[in-house]
Amino acid sequence: MKHFILIVIFLTALFTRAQNTGSVVGKLTDKEFNNEPLAFANVLIKGTTKGTTSDFDGLYGFENLEVGNYTFIYSFVGYETQEINVNVVAGKVTEVNVIMGASAASLDEVVITTTTRRESETALLLEQKKAVEIKQSIGAEELSRKGVSDAAGAVAKISGVSKQEGSSNVYVRGLGDRYLNTTMNGLSLPSNDVSKKNIDLDLFASDVIESVGISKAYSTRFYADFAAGNVDIVSKDYKGNGFFDLFTGSSMNTTAIGKDFVRSEGTGFFGFYNRYEHNPFNVILSHGFDPVTAGSPINTEFGGSFGKTFTFNNGSKLSFYGTGSFGNDFQYRKGSSIDYTNVEKKAFDQAEEFEYGTTTTGMASINFRIDDQNTLSYNSLFVNSSSDKVGYFGIDGTGRNRDGIASTDEGFYQQNIQFNENLIYVNQLIGTHKFDNIEVDWGFGHNFVNAHEPDRKRISIENYHYALDNDPSTRPIFYSNVDFDNQRYFQNIEDEELNGRLNLAYSPSDQVKINIGYNARTKERQFDNIRYGYDIVDNSGIDNVNALNAIFTLENLNLKSGEGVYEIKVIRPIPPLSTTNRPGLPENTYRGQLDVQAGYLNAELRFGEKWLLVPGVRVESFDQYIAYDVINLGVNGKDSISASETVYSPGLSIKYGLNDDQNLRFSASQTLSIPEFKEVAPFVYESVSQRIGGNPDLLGRKAGETYTNVKDVSYSKILNLDLKYEWFITKSELIALGVFYKQIEDPINQVVAFDATGTQRFFRTGDNAQIFGVEAEIRKNILVNAYDEGILSFGFNATYMHTEQDLYSDIVGSNFNVSFNRDKEALQGASPFIVNADVNYSPKSFAHYKPNATLSFSYFSDRIDALGSGQLGNVIEKGIPTLDFIFKNEIGEHFEINLAAKNVLNPSVTYIRETNQGNIIVTSPNGKDVSNYNKGITLGLQLKYSF
């Protein structure tokens, strides 16, 4: 109850018999955030030990004060301390309301040693308490304490959320990438990967994050393509006199240390590729196969940030914030790589992979507060992420290939050298304006992504065991069943998106707020790839499998019949050139276009102090178009497909305040799920032992076509129901319990096709899928100090889910077909059980030393990675427990030294295929090229200095 404290204290003072005491009450508001209530500020009576803090609504109070004059001290970290003289009158309640503003003298210190309100755990709990929809967030303060280095690790700490090891996939309530949305400051973000809908959250380093939130319940301000939730990254900004800090750190991985690391030739230490301007055919002629040394496998990181605010005479403020960082990561994996459908096709019992990854991040933000009613901000983010992998498969000489020529039982070996670079540019302009009882909030964004896979090199060898026998008379040979068993591969993706939002909020009274809004986005993707294969003309033997540059030289290129070792082949020649020893045209291309426009209306209706009802509706139209030219569909490979729909997405949210600290929430909505470009475009991507491709059937059938189980439907319809109880025990303690239910019509699943290739594709597999789940969360202080600040605390959240979908009994598809030998199955990507827990110890009894130790744990149980079809069983991702230990030490006002031990349990990362002969270890296109490996323990040290 907003003024509950004022009323209680007033009544107490009014009816007390002792007329020689009085009371002081009031409200603190935040000038820096449009005079919103300022929670958790300190109020002290000067010269005494009496003090209190403001509550969630900014209210404070003192009872039974002796009559007389007092000096009250009002303070909040980073804000100007105020001293106010107050005369306490017998039997009276004196109300003192204070507006707190930023202190130029202290704000520079605040950024160095503490976090701002919207980064702190207590502030985010307050935001969660007041939120209209069901929402959970994790802020920079908690990220730092738990040693979380990026947004993917951040969301994995929230209840009901898990991250897939070996990839960027994040699962919310059992639903994966295709059912999620990712935004930054409320504006859409692009995907950096052809195989993903959402951007890789690993790319967002913690130094650009103020907070990361997940809205699990639908609001009409979100795009209707909503099922599991919306992940919103709030970027950091700054308000203060100025600061500058630098950090550097180093770490090592226990499996990588001591290994002779290698990486692709042509790439740099900072993860940039040096030959984008060169034609791929020229690259092949001038640059060889063999990898180069990558140096010692010691991870390094360094970076810095700065901020500055300029205050003008008219009260306007112009604030700048900038940050830049670089980090690399050496990973070594040793396990197996097996391609198994109904029989073993290709198997490497021993395989190893060296991966050198980098992330370079730069962000700048400008915030111009024109006055208390008008603010403009501009954010620009650049990320370069690279992955440089060198894999050796069949290193023990026992590799098997069912289609082998020299032998099917031993000696098959492959080498795969692959570099991926993603260049991401995000620019946003955002404004807020207030006019009496009207608020206008708008934003405009432009996203651009260059995602490249330049010069992937793959070699296939038979009789590799001869390379291990030390017998000079026996030599390995190239496996050359087709021209592309040995190949160079080039792939390019360009994504560009314009998006915007506008919300007009009208508040005719304190009890009613009406929101009218508009959203729009237009997104385009261009994709192309080309392969060059090696036709081995002279296959007499390989002297050294680690010196392939000596074989693939210009001198050995067969320009005249019988006078060389190899020829270069391309599938699509440039007319009138031939397919041999000449450059070619792209092998596969597609262009995808998505246009969305939407308008919405909702109302926030308050009934008394307890009830909040938010009914709303969204009207959204979308046009989706994909034109493709691919080789794997033969004469049907050049085509296009489109869909155009207008949908209505109603939503209702109800919040009931049981009391000042407890909420009961209910949410109901109907949303949809639109197929992604990669799910529709029939291009097939081939890894070492897996293949994955899209399916045009997902956008419905064309006129005149009649085939089984492909409907005139271009989206899945989703019913969402949520019920949640929240108890905010104190400013940092919480107990929450929730249940949720979802029903998905015409669900899409990733399915292993029952055919010769075992290619995984996307299909509408049945009429309905259902999800039922229970979530529980607790945050509790075990020990507190005199100011109720936690010294020893713990957090725990757990989710149990049951999912079930019905499967079609007939053959599914037209372009591609699958069938099922069962009528029910769990939903792909759904872990029945997810748990996150942490224990934190942060004593505050030292004057110039602030230690902070956190032990955090997470676990997800086994889940279906891909549905099996026909007689094929499912592919299962085995559950993984993760344990991290972080020890932070602030020494004085400027220096910080941090220690970390991550993945302490070092579990095995494993995928299996369920078969009649038992479980077979396999790889997954959603993971790495190696399965059944241990990631290793990472031990790190970081130093930070603030000026």
Side-chain angles (χ1 to χ4, degrees), residues 178 190-191 193-197 223 225 448-449 451 490-498 520-531 571-575 584-597 620-647 672-686 691-716 746 748 750-751 753 759-764 812-818:
R178 71 175 321 278
S191 170
D193 188 333
V194 65
S195 64
K196 301 289 188 297
K197 171 186 177 183
Y223 286 101
D225 185 6
F448 186 73
V449 175
F490 301 80
Q491 175 178 291
N492 297 290
I493 307 166
E494 288 188 358
D495 254 13
E496 187 168 17
E497 177 178 343
L498 296 174
R521 61 188 301 207
T522 177
K523 176 181 178 181
E524 183 175 354
R525 170 175 292 176
Q526 299 280 356
F527 169 87
D528 67 80
N529 83 288
I530 187 170
R531 282 186 302 172
I571 290 180
R572 289 184 169 171
I574 300 174
L585 297 173
E587 180 179 332
N588 299 281
T589 63
Y590 73 79
R591 183 178 73 85
Q593 180 81 33
L594 176 65
D595 297 310
V596 180
Q597 296 193 64
E620 183 169 295
S621 69
F622 69 87
D623 294 284
Q624 194 168 11
Y625 171 83
I626 292 185
Y628 53 87
D629 187 356
V630 297
I631 64 169
N632 62 293
L633 282 178
V635 295
N636 297 320
K638 189 173 184 178
D639 206 344
S640 65
I641 191 165
S642 62
S644 181
E645 304 281 356
T646 299
V647 296
L672 55 93
S673 177
I674 303 172
E676 288 302 303
F677 295 146
K678 54 101 176 184
E679 296 177 334
V680 177
F683 158 74
V684 175
Y685 183 86
E686 297 183 8
R691 292 149 301 280
I692 187 168
N695 182 1
D697 292 347
L698 298 184
L699 290 186
R701 62 177 172 223
K702 298 180 180 179
E705 294 179 334
T706 56
Y707 40 74
T708 304
N709 290 329
V710 178
K711 304 178 179 181
D712 291 321
V713 59
S714 58
Y715 62 91
S716 302
D746 305 306
I748 292 175
Q750 186 174 323
V751 184
T759 300
Q760 297 188 20
R761 294 188 186 273
F762 300 89
F763 293 86
R764 298 194 187 276
V812 181
S814 65
N815 291 291
F816 312 100
N817 304 119
V818 293

- [ ] Go through the steps to decide whether N588 and I631 satisfy the test side chain to side chain contact (heavy atoms under 4.5 Å, CB included), and finish with yes or no.
- [x] CA-CA 7 Å; N588 299 281; I631 64 169; 3.9 Å; yes
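- The distance from atom CG of D639 to atom CD1 of I626, rounded to the nearest 0.5 Å, is 11.5 Å.
- The closest side-chain donor-acceptor pair between S714 and E645 falls under 3.5 angstrom.
- What you find for S621 and T646 is that their closest heavy atoms are CB-OG1, 3.7 Å.
- Nearest heavy-atom pair across P675 and V680 is CB-CG2, 3.7 Å.
- With sequence neighbours left out, R531 forms a salt bridge (charged side-chain N to carboxylate O under 4.0 Å, His left out) with E587.
- The side chain to side chain donor-acceptor pair (under 3.5 Å) check on Q526 picks up E524, with sequence neighbours excluded.
- Although no hydrogens or angles enter the test, the distance criterion places no donor-acceptor pair under 3.5 Å between the side chain of R525 and the main chain of G592.
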TODO: Could you walk me through whether L594 and E497 pass the side chain to side chain contact (heavy atoms under 4.5 Å, CB included) test, one step at a time?
DONE: CA-CA 9 Å; L594 176 65; E497 177 178 343; over 6 Å; no
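- A cation-pi geometry, defined here as NZ or CZ lying under 6.0 Å from the six-membered ring centre and within 45° of its normal, holds between R761 and F816.
- When all heavy atoms are compared, the tightest approach of T759 to G693 is CG2-N, 4.2 Å.
- Considering only residues two or more places apart in sequence or on other chains, T522 meets the side-chain contact (heavy atoms from CB on, under 4.5 Å) condition with L498, Q593, D595.
- By the salt bridge (charged side-chain N to carboxylate O under 4.0 Å, His left out) test, D629 is found to be paired with R572, residues two or more places apart in sequence or in another chain being considered.
- Not counting sequence neighbours, the partners of D225 by the side chain to side chain donor-acceptor pair (under 3.5 Å) test are K197.
- Under the salt bridge (charged side-chain N to carboxylate O under 4.0 Å, His left out) criterion, E679 pairs with R178, not counting sequence neighbours.
- A520 and Y223 make their closest contact through O-OH, 3.1 Å (heavy atoms, listed as atom of the first residue, atom of the second, distance).
- Here E676 contributes atom CD and F762 contributes atom CZ; the two are 10.0 Å apart, rounded to the nearest 0.5 Å.
- Residues forming a side-chain contact (heavy atoms from CB on, under 4.5 Å) with N492 (at least two apart in sequence, or on another chain): H452, D528.
- Contact between R764 and D746 at its shortest, heavy atoms only, is NH1-O, 2.8 Å.
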TODO: Under the side chain to side chain contact (heavy atoms under 4.5 Å, CB included) rule, what do F677 and F527 come out as? Steps first, then yes or no, please.
DONE: CA-CA 10 Å; F677 295 146; F527 169 87; over 6 Å; no
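- Side-chain atoms of Q750 do not come within 3.5 Å of backbone N or O of I692 as any donor-acceptor pair.
- Taking CD1 of I748 as the reference point, atom CD1 of I674 lies at 10.5 Å (rounded to 0.5 Å).
- Qualifying side-chain contact (heavy atoms from CB on, under 4.5 Å) partners for S644, counting only residues two or more places apart in sequence or in other chains: D623.
- Between Y590 and F683, the distance separating the two ring centers is not shorter than 6.0 angstrom.
- Residues forming a side chain to side chain donor-acceptor pair (under 3.5 Å) with T589 (at least two apart in sequence, or on another chain): none.
- Shortest non-hydrogen contact noted between L585 and P573 is CD1-O, 3.4 Å.
- Residues passing the side chain to side chain donor-acceptor pair (under 3.5 Å) test with N632: none are found, sequence neighbours excluded.
- Under the rule for a salt bridge (charged side-chain N to carboxylate O under 4.0 Å, His left out), E496 has no partner lying at least two apart in sequence or in another chain.
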